[in-house]
Asks: 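Next up is a structure, given as structure tokens.
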Amino acid sequence: MGLSDSARAALDATARAMLAARYVTALAGAGMSAESGIPTFRGPGGLWTKYGAPDNRGYQQFLEDPRGWWERRLNGNQMPEMREALDRAQPNPGHHALVELEDAGVLRHTVTQNVDNLHRAAGSRSISEIHGNHTLIRCVACVSRFEREEIPLDELPPMCSRCGGLLKTDTVMFGEPIPPDVLRACQTEAARSDCVLILGTSAIVYPAAALPDVARRLNDATLIEINPNETALTDACSIVVRAPTGEALPELVAAIRRLRGDTRSMAGVPDAT
């Protein structure tokens, strides 16, 4: 179907704002994952609509019975659609465009609310996964992270080889605090930002949804929303691009190339400022 004229004009404005900024970050949400075929949780057809939302005491229940939690998880009966979608999902053009922006030095950091590992699979390096990564195992005591294949599961619950603490999946559960290392990183990035791309997120899940406001309060940051739908942050944004990220972000890359006078890949192109 293609982008509308108004969306293209908004993307041109976005490109100019990003090139004028000192430190650009992005906040990515479930809309980016949905474009790779990963089901959403909320709304019509969402997994929580179908199966019911997780218990708000999920993390407390894990702490009370970590062996039982692991046994249920390994049994594989919970939300099979999500597991299957995560296994087959691949990064979409929006993920790859963010990598190109990062490689070019235009985008400095991405905070993602998604646990699907698609940003890393695409090649993003400067990234904070505020809700964790489903491919990793994390210690609840020292927050060390391990690849799944590093952790033997013949004895449950598995314990941390570094500190002896309980291990769980890195994905943040209901009732679980955001791991302190990643929360600090997100707050630090927000405090540095004078331009924030808000990508495919409904902006209702905190503390992630508060990060653009931190940037705006501290640095009078320009907030730019790329989303086919109106969100809780729309009114706070200086520029709004009504389009899916998978369509809009590659066009944003092209717009920045034009402004820099470069028709090649943006990777390695010197900053314009």
Side-chain angles (χ1 to χ4, degrees), residues 10-33 94-114 118-120 122-133 172 178-227 231-241 243 245 248-249 251-253 255-256 259-260 266-267 269-273:
L11 285 171
D12 286 341
T14 298
R16 290 191 293 272
M18 291 175 69
L19 290 175
R22 181 189 72 256
Y23 200 96
V24 181
T25 58
L27 173 64
M32 289 200 73
S33 296
H95 295 103
H96 291 296
L98 289 182
V99 175
E100 199 158 1
L101 291 169
E102 181 184 342
D103 288 346
V106 179
L107 177 66
R108 306 296 288 274
H109 193 81
T110 298
V111 174
T112 181
Q113 300 171 82
N114 303 324
L118 293 181
H119 290 281
R120 292 188 187 275
S124 290
R125 299 176 306 281
S126 183
I127 187 167
S128 295
E129 294 162 314
I130 194 168
H131 295 154
N133 183 318
V172 175
I178 301 295
D181 59 339
V182 74
L183 182 59
R184 283 193 301 270
C186 292
Q187 292 169 335
T188 297
E189 293 298 326
R192 290 173 174 167
S193 303
D194 62 344
C195 181
V196 182
L197 301 179
I198 304 168
L199 308 172
T201 175
S202 59
I204 60 173
V205 179
Y206 286 79
L211 297 174
D213 189 57
V214 170
R216 186 176 58 168
R217 285 189 291 103
L218 293 181
N219 303 315
D220 194 25
T222 300
L223 305 187
I224 301 167
E225 179 174 78
I226 302 179
N227 197 312
T231 76
L233 285 177
T234 297
D235 289 344
C237 292
S238 302
I239 304 170
V240 175
V241 182
T245 55
L249 288 173
E251 292 292 336
L252 176 60
V253 170
I256 291 176
L259 288 173
R260 284 183 157 180
M266 287 174 54
V269 177
D271 286 346
T273 54

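Hydrogens, waters and symmetry mates play no part in the numbers below; they use all other heavy atoms, side chains included.
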Asks: How would you list, by chain and number, every residue that makes a side-chain hydrogen bond (donor to acceptor under 3.5 Å, both in side chains) with D213, sequence neighbours excluded?
Replies: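 Counting only residues at least two positions away or on another chain, D213 forms a side-chain hydrogen bond (donor to acceptor under 3.5 Å, both in side chains) with R216, R217.
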
Asks: Who pairs with E225 by side-chain hydrogen bond (donor to acceptor under 3.5 Å, both in side chains), at least two apart in sequence or on another chain?
Replies: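 Partners of E225 by the side-chain hydrogen bond (donor to acceptor under 3.5 Å, both in side chains) criterion, ordered by chain and then number, come out as T231, T234, R242.
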
Asks: Residues in side chain to side chain contact (heavy atoms under 4.5 Å, CB included) with E189, at least two apart?
Replies: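 Counting only residues at least two positions away or on another chain, E189 forms a side chain to side chain contact (heavy atoms under 4.5 Å, CB included) with Y23, T25, H109, R192.
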
Asks: So which of D12, L19, L11 actually passes side-chain contact (heavy atoms from CB on, under 4.5 Å) with I256?
Replies: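 Among D12, L19, L11, the one meeting side-chain contact (heavy atoms from CB on, under 4.5 Å) with I256 is L19.
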
Asks: Of all residues at least two apart in sequence or in a different chain, which pass the side-chain hydrogen bond (donor to acceptor under 3.5 Å, both in side chains) check with N133?
Replies: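 By the side-chain hydrogen bond (donor to acceptor under 3.5 Å, both in side chains) rule, N133 matches N117, E129, T135.
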
Asks: Measure the spacing between OG1 of T110 and CG of L98 and express it to the nearest 0.5 Å.
Replies: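 Output value for this atom pair is 5.0 Å.
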
Asks: Which donor-acceptor pairs under 3.5 Å do side chains of residues 179-188 form with protein atoms, sequence neighbours excluded?
Replies:
residue: D181; atom: OD1; partner: R145; partner atom: NH2; Å: 3.2
residue: D181; atom: OD2; partner: R145; partner atom: NH1; Å: 2.6
residue: T188; atom: OG1; partner: R184; partner atom: O; Å: 2.9

Asks: Any donor and acceptor pair, going by atom type alone, linking the side chain of N219 with main-chain N or O of S193 inside 3.5 Å?
Replies: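 A pair under 3.5 Å: yes.
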
Asks: Listed by chain and number, what are the side chain to side chain contact (heavy atoms under 4.5 Å, CB included) partners of H131, not counting sequence neighbours?
Replies: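 Per chain and number, H131 pairs via side chain to side chain contact (heavy atoms under 4.5 Å, CB included) with Q113, V115, I178, V205.
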
Asks: Is there side-chain contact between M32 and L118, with heavy atoms separated by less than 4.5 Å?
Replies: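 No, their side chains stay 4.5 Å or more apart.
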
Asks: Among residues at least two apart in sequence or on other chains, which ones pass side chain to side chain contact (heavy atoms under 4.5 Å, CB included) with A190?
Replies: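 Listed in chain order: L211, V214.
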
Asks: Is there a side chain to side chain contact (heavy atoms under 4.5 Å, CB included) between L101 and L252 once you walk through the steps?
Replies: CA-CA 9 Å; L101 291 169; L252 176 60; 4.2 Å; yes

Asks: I need the minimum non-hydrogen distance between A15 and A255, along with the two atoms involved.
Replies: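 Answer, listing the atom of A15 first, then A255: CB-CB, 3.9 Å.
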
Asks: List in chain and number order the residues that pass salt bridge (Lys or Arg N to Asp or Glu O under 4.0 Å) with R16, two or more places apart in sequence or in another chain; answer none if no residue qualifies.
Replies: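 R16 satisfies salt bridge (Lys or Arg N to Asp or Glu O under 4.0 Å) with no residue once adjacent residues are dropped.
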
Asks: Any pair with a residue in residues 200-210 that passes salt bridge (Lys or Arg N to Asp or Glu O under 4.0 Å), sequence neighbours left out, goes on the list, sorted by first then second residue, please.
Replies: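 Sorted result for residues 200-210: empty, none.
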
Asks: Using the test side chain to side chain contact (heavy atoms under 4.5 Å, CB included), find all partners of A243 that sit at least two apart in sequence or belong to another chain.
Replies: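 A243: side chain to side chain contact (heavy atoms under 4.5 Å, CB included) contacts with L3, V241, A248.
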
Asks: Contact between E102 and I127 at the side-chain level, heavy atoms closer than 4.5 Å - yes or no?
Replies: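 A side-chain contact is absent here, since even the closest heavy-atom pair is not under 4.5 Å.
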
